[in-house]
Every structure is written in structure tokens, then in C-alpha cells.
Amino acid sequence: MAKKIQSVKGTRDLLPPATRRWAAVEEIAREVFGSYGYGEIRTPLLEHTELFVRSVGEATDIVGKEMYSFDDRKGRSLTLRPEGTAGIARAFVQHAMGSSGLPIKLFCIGPQFRYERPQRGRYRQFHQIDAELIGDPGPTSDAELLLMLVRFLERLGFDELTVLLNTVGDEASRGAYREALVDFLEPLRDRLSGDSRRRLESNPLRILDSKVPVEQELLEAAPRLDDYLNRESGDHFEAVRRALDGCGVAYRIEPRLVRGLDYYSRTVFEIVAEGLGSQDAIVGGGRYDGLIEELGGPAVPAIGFAIGQDRLIDILPEAFDAGCSAEPPVHLVAAGEVDPVALLELGEELRTAGLAVETEVGGRSVKAALKRADKAGARWMVLAGEDELGRGEVALRDLALGEQIQVSRETAIAKIKEKE
RNA sequence: GUGAGCGUAGCUCAAUUGGUAGAGCCCCUGGUUGUGGUCCAGGUGGUUGCGGGUUCAAGUCCCGUCGCUCACCCCA
């Protein structure tokens, strides 16, 4: 036997019927996001490595150790996208999308890649649903984006999810705070973990959400970010909260929430879920006012989020499946010496009438066909034998009741439709 | 990248102190020359993840490797 080839580590096949949930989630995303004026964008899976280094940030784990990168035949360094925002921002700049008026609202559904050790809720190929609102600096946009996110999750049947909210201030505020935090932590250097010590230089804010208990204690006395917010940043956050309160969006302020990507400014947020083990973040996002300019575009502010589709689908409420299960098709079966073309034609006739039809072309016994139809949960079987075809009729069997009648094709179609 | 646990039929799992692999489900066929869900009978399906070692003998013990799972880290 030849050696079997299996899927690449950290990637997985999504098989039917599970794919129905995926498609249903995506349909609902298109519908909900569409109702807020968002248009779908599809960016390449492959980008120049440079894009992520410049946007996500050199000091981040994503760029530092998780990128799925390789050289192409001409020696150019390419990377399978590890997140969605960078590519969308790149496309915005490349196509001068701002020239047709701002803001631009976009969403993107598709796979992302990170070279990590797989575990539950973490795969090398995973899937995100991104939404980005580009070109409006106002807190009302922040609130509307979050509102849309919450509505989407509600549509899927989630009702217990809470948005964790924080602000990391604008660049000036963050700069001032960063200095204060480093001044505070520097004398305590010896008591910090290796990771945190490294971050003292590269990305001090990330130390804030360290999970090391000792560090948590040390941080109790650390300067607080909100004391360093300038007037503008403070007002912005205040306005976001007021808008969310007004719309009845539940959130919890999480002062330690900072986010792993360099490009965030001001509003940042996250949603974590129960029952997912340690990979429990299902949504992350925030404002990125400097990113587009950083990528050579105009100085245009933006805000967005990414939903982890794999994790989301993992914890979808039970009731969700009922809503996306399809009506099992009518089973069309030949009995005896029947011209296969006549069977195919009959199938087409039923489909033209709007029915879903599964044709049993296996040439096996009627008994076997019935078993299959039964297992598929079908309600109807249309049986076409020599006798029936000769008279222009079919045998219509109601599998639920076990009743069978000889009727014309038209009558059969009418009967099936009537009971649907 | 680090650590731990686990790899036996398509799936879920057995196999005693090492003694040449078995069940249930699924699938196929028949019991019904064209009739399901129950039942009965039969059948297909395995180089025990892969490679090496110890042994008279390895699914079982040892080493390596690959994969899966979980945790750390990080994040979606």
C-alpha cells in the first residue's frame, strides 16, 4: 500500500455536515455587517513579509516567532497572513480607497496562518472574520462597531458574552505612560520574569497583562495608564462608554487590557468565552489611528476587530444547528431494467420543480436504496420502475408513514410540495 | 519554542506476569426475483503510526521519529 499523505500539522479538514455551521455563520456575518453598510473585501493570503513587520510590529510574538514565512523562487520573502487588518490596510492604501469618500467600511472572512504549536482553539491555519471601519476618528464609530459585533454574536445565539474594554491612549499619552512605567519597573528588574525583562525594552505595556502572580502583585503599585491620558484621549474613551451605555451594550472596563499588536491606539477590546480551555479569546480588536499612514497612506484613523471563527464555532449554542440543517432530499430510485438516462431526466424534472433530489444510481437493490434514504432522514422516495415509466407514472413512497401510491409525475411533485 | 499524556479496523475501545490481535458501531450481501426503520445469518476491513533495539517470542519493554491531545507562552 502506498504511503498515506496527511494534512499539514496544525491544519484540518472541515467536513460535511460540520461545514454547514461554517457557512451559516458566514452568511449571518454578511447579513449583519451588510446591514451596517460594510462591504466584503477579499485580500490575498500571501503578502510581502515586510507588510507584517511594519504593521503588526517587530517586537510582537506574531512577527518575532509565529510567522509562516518562506522565500519564493525569486528570493522574495513572503508570509501567509497571520491576521487580517494589515492586508486590508494595505489594500486601502494601494487602491486609494479613501478617495471615494470616508469612512470606508469593510469586512473580510478567511483563513489566517501562524506557525505555533497547535492545541485546542489554536491552529496553524485558523479562520477570522474581520471588520474594519476606516476613516472616522470619532468615538461614535467605536461604539457602532462594537454594537455591530454584539448584534452579530446575539444573532448566533450568544447572550452571556461581555466585551472587555480599555483604552491605551493616543501616541502622546502612551509615550508618557511608557516612560513612567519603565521608570517604575526598572528598579524591580530582578524580580521580573525573563519575558517581562525583555519587554521592558521592546514593549513595556505588554508587561501589564502578565499572568505571573508575582508580577501581578508588583503591578498593583504601578502607575496607572488612565492617569496619563491626555484630555483628548480621556474624552474619547468617556464618549465611547457613554454611547455604549446608551445603546445597552454590556462591557467591563479592564485596565490591564493592552493587546499584543503594536498598531493599537485608544480604544482596545476583547471578548473571552467560557468552556474553551486556555485559548479563550474569541474576539480582539481596537483602534489603529496611525497604521495607515505608517504603511505609506494618508493619515487616516481606523478601528476594527477580528473574530476567531474556529473558536466561535466550537462554542456555538446547541440550538444553532437546528437553524442551519437542510431538508433532506427526495430519494429517486430505479427498480428493475430502467434506462439510466430516463432516471436522470426524471431527476431533472423534479429539480426543475424546486425539489432537492438524490439519485440512487448505484444500481443496487431497492432495499439498499430504501435503507440509505431512511438513514438520510428523507421523507420521500420516488420509485421509477419499468411499469411506472411505461405509464408515465412513478411510485411515491412516504417514508414516514410507510404509504405508497402510484401517481403521475405532476401529482407526485404536488404531493411532496404540499407536505413540505 | 518548553513540558506532560496518548497513538490497536472508518469510529469507540478490549487483549492478564511479554506468548503470532478481538468486540461493538459503521459498511456490504442474504433472509423478501421491485420495498426501509426491528430481527437473524454471513462478509469486507489491521505490516498494532513509522523506524530501530532487547528477547526463543513485542500491541505490551527500551530508544528515536512522526502525529494527536492538553498545558506553558501568546493570541483569534
Side-chain angles (χ1 to χ4, degrees), chain A residues 1 3-12 15 56 59-66 81-85 109-130 193-196 198-199 203 206 209-212 257-261 269-273 276-285 304-315 331 333-338 360 362-389 394-404 406:
Chain A
M1 198 168 48
K3 196 168 132 199
K4 287 178 191 160
I5 298 173
Q6 48 185 0
S7 58
V8 172
K9 180 180 185 136
T11 69
R12 53 188 188 147
L15 310 174
V56 177
T60 63
D61 282 354
I62 291 178
V63 170
K65 56 184 194 190
E66 295 169 5
R81 63 184 188 193
E83 58 103 38
T85 303
I109 300 173
Q112 315 287 343
F113 303 83
R114 289 182 202 173
Y115 196 94
E116 296 183 89
R117 189 94 160 248
Q119 72 183 72
R120 179 170 184 198
R122 191 171 74 182
Y123 310 99
R124 287 188 176 178
Q125 177 178 336
F126 61 105
H127 302 79
Q128 287 187 335
I129 301 173
D130 282 274
S193 67
D195 278 339
S196 291
R198 226 169 296 122
R199 289 197 185 111
N203 200 347
R206 295 281 296 118
D209 63 2
S210 156
K211 280 148 202 145
V212 182
L257 179 66
V258 287
R259 303 278 310 139
L261 283 56
F269 53 91
E270 208 169 273
I271 296 179
V272 297
L276 272 175
S278 57
Q279 308 303 318
D280 60 356
I282 57 169
V283 181
F305 61 73
I307 300 168
Q309 197 178 356
D310 306 76
R311 294 176 186 178
L312 189 71
I313 284 171
D314 194 12
I315 55 164
H331 277 246
V333 181
E337 297 288 310
V338 171
E360 293 280 352
R364 288 183 306 175
S365 66
V366 172
K367 177 178 175 157
L370 262 164
K371 275 189 175 167
R372 280 173 60 92
D374 186 52
K375 233 187 60 176
R379 173 77 192 270
W380 301 101
M381 186 170 88
V382 170
L383 194 133
E386 296 163 274
D387 306 350
E388 288 88 354
L389 286 174
V394 295
L396 176 65
R397 186 175 182 83
D398 183 329
L399 293 167
L401 300 176
E403 292 168 357
Q404 189 168 320
Q406 299 282 329

What is the distance, to the nearest angstrom, from the [atom1] atom on [X] to the [atom2] atom on [N]?
{"X": "A:Y115", "N": "B:rC73", "atom1": "OH", "atom2": "C1'", "value": "16 Å"}
{"X": "A:Q112", "N": "B:rC75", "atom1": "CD", "atom2": "P", "value": "16 Å"}
{"X": "A:I109", "N": "B:rA76", "atom1": "CD1", "atom2": "P", "value": "18 Å"}
{"X": "A:L389", "N": "B:rG34", "atom1": "CG", "atom2": "P", "value": "15 Å"}
{"X": "A:L15", "N": "B:rC11", "atom1": "CG", "atom2": "P", "value": "12 Å"}
{"X": "A:Q125", "N": "B:rA76", "atom1": "CD", "atom2": "P", "value": "17 Å"}
{"X": "A:F126", "N": "B:rA76", "atom1": "CZ", "atom2": "P", "value": "8 Å"}
{"X": "A:D195", "N": "B:rC74", "atom1": "CG", "atom2": "C1'", "value": "9 Å"}

Within the 4.0 Å heavy-atom criterion, would you say [X] contacts the bases, only the backbone, or no part of the nucleic acid?
{"X": "A:Q279", "value": "base"}
{"X": "A:D314", "value": "nothing"}
{"X": "A:R199", "value": "sugar-phosphate"}
{"X": "A:V283", "value": "sugar-phosphate"}
{"X": "A:R372", "value": "nothing"}
{"X": "A:D310", "value": "nothing"}
{"X": "A:G284", "value": "sugar-phosphate"}
{"X": "A:R259", "value": "sugar-phosphate"}

Check nucleotides 35-39 of chain B for protein N or O atoms closer than 3.5 Å to its own N or O atoms and list the pairs.
| residue | atom | partner | partner atom | Å |
| --- | --- | --- | --- | --- |
| B:rU35 | O2 | A:R397 | NE | 3.4 |
| B:rU35 | O2 | A:R397 | NH1 | 2.9 |
| B:rU35 | O2 | A:Q404 | OE1 | 3.1 |
| B:rU35 | N3 | A:Q404 | OE1 | 2.8 |
| B:rU35 | N3 | A:Q404 | NE2 | 3.1 |
| B:rU35 | O4 | A:Q404 | NE2 | 2.6 |
| B:rG36 | N7 | A:R397 | NH2 | 3.0 |
| B:rG36 | O6 | A:R397 | NH2 | 3.4 |
| B:rG36 | O6 | A:G402 | N | 3.4 |
| B:rG36 | N1 | A:L399 | O | 2.3 |
| B:rG36 | N2 | A:D374 | OD1 | 2.9 |
| B:rG36 | N2 | A:L399 | O | 2.8 |
| B:rG37 | O4' | A:D374 | OD2 | 3.0 |
| B:rG37 | N2 | A:L399 | O | 3.3 |

[atom1] atom, [N] versus [M]: distance in rounded Å?
{"N": "B:rG5", "M": "B:rC27", "atom1": "C1'", "answer": "33 Å"}
{"N": "B:rG3", "M": "B:rA76", "atom1": "C1'", "answer": "24 Å"}
{"N": "B:rU38", "M": "B:rC25", "atom1": "P", "answer": "11 Å"}
{"N": "B:rC39", "M": "B:rG51", "atom1": "C1'", "answer": "48 Å"}
{"N": "B:rG49", "M": "B:rU8", "atom1": "P", "answer": "6 Å"}
{"N": "B:rC61", "M": "B:rU2", "atom1": "P", "answer": "26 Å"}
{"N": "B:rA71", "M": "B:rA41", "atom1": "P", "answer": "46 Å"}
{"N": "B:rG7", "M": "B:rU44", "atom1": "C1'", "answer": "25 Å"}

Salt bridge (Lys or Arg N to Asp or Glu O under 4.0 Å) with [X]: which residues, sequence neighbours excluded?
{"X": "A:E360", "value": "A:R372"}
{"X": "A:D387", "value": "none"}
{"X": "A:E270", "value": "A:R259"}

I'd like to know if [X] reaches the base of [N] with its side chain, counting only an N/O donor and acceptor under 3.5 Å.
{"X": "A:E270", "N": "B:rA76", "value": "no"}
{"X": "A:R311", "N": "B:rC75", "value": "yes"}
{"X": "A:R122", "N": "B:rA76", "value": "no"}

Original post:
Is the backbone N or O of A:P111 less than 3.5 Å from a side-chain atom of A:R81, with the two atoms forming a donor-acceptor pair by type?
Top reply: yes

Subject >> Check: A:R311 side chain, A:A281 main-chain N or O, donor-acceptor pair, under 3.5 Å >> reply: yes

Original post:
Quick one: are A:V333 and A:R397 in side-chain contact, heavy atoms under 4.5 Å?
Top reply: no

Subject >> Side-chain heavy atoms of A:L399 within contact of A:L370, under 4.5 Å >> reply: yes

Pairs: protein N or O with nucleotides 65-70 of chain B N or O, under 3.5 Å:
| residue | atom | partner | partner atom | Å |
| --- | --- | --- | --- | --- |
| B:rC70 | OP2 | A:R120 | N | 2.4 |

Subject >> Phosphate contact (B:rC73 OP1 or OP2) by A:K65 side-chain N/O below 4.0 Å >> reply: no

**OP:** Using Watson-Crick or G-U wobble pairs with both distances under 3.5 Å, give me RNA chain B in dot-bracket, 5' to 3', with [ ] for crossers and | for pairs to another strand.
**Re:** (((((((..((((.....[..)))).(((((.......))))).....(((((..]....))))))))))))....

Original post:
Within 45° of the six-membered ring axis of A:Y115 and under 6.0 Å from that ring's centre, is NZ or CZ of A:R124 located there?
Top reply: yes

**OP:** Between A:A384 and A:R124, name the one whose nearest nucleotide on RNA chain B is closer to the 5' end.
**Re:** A:R124

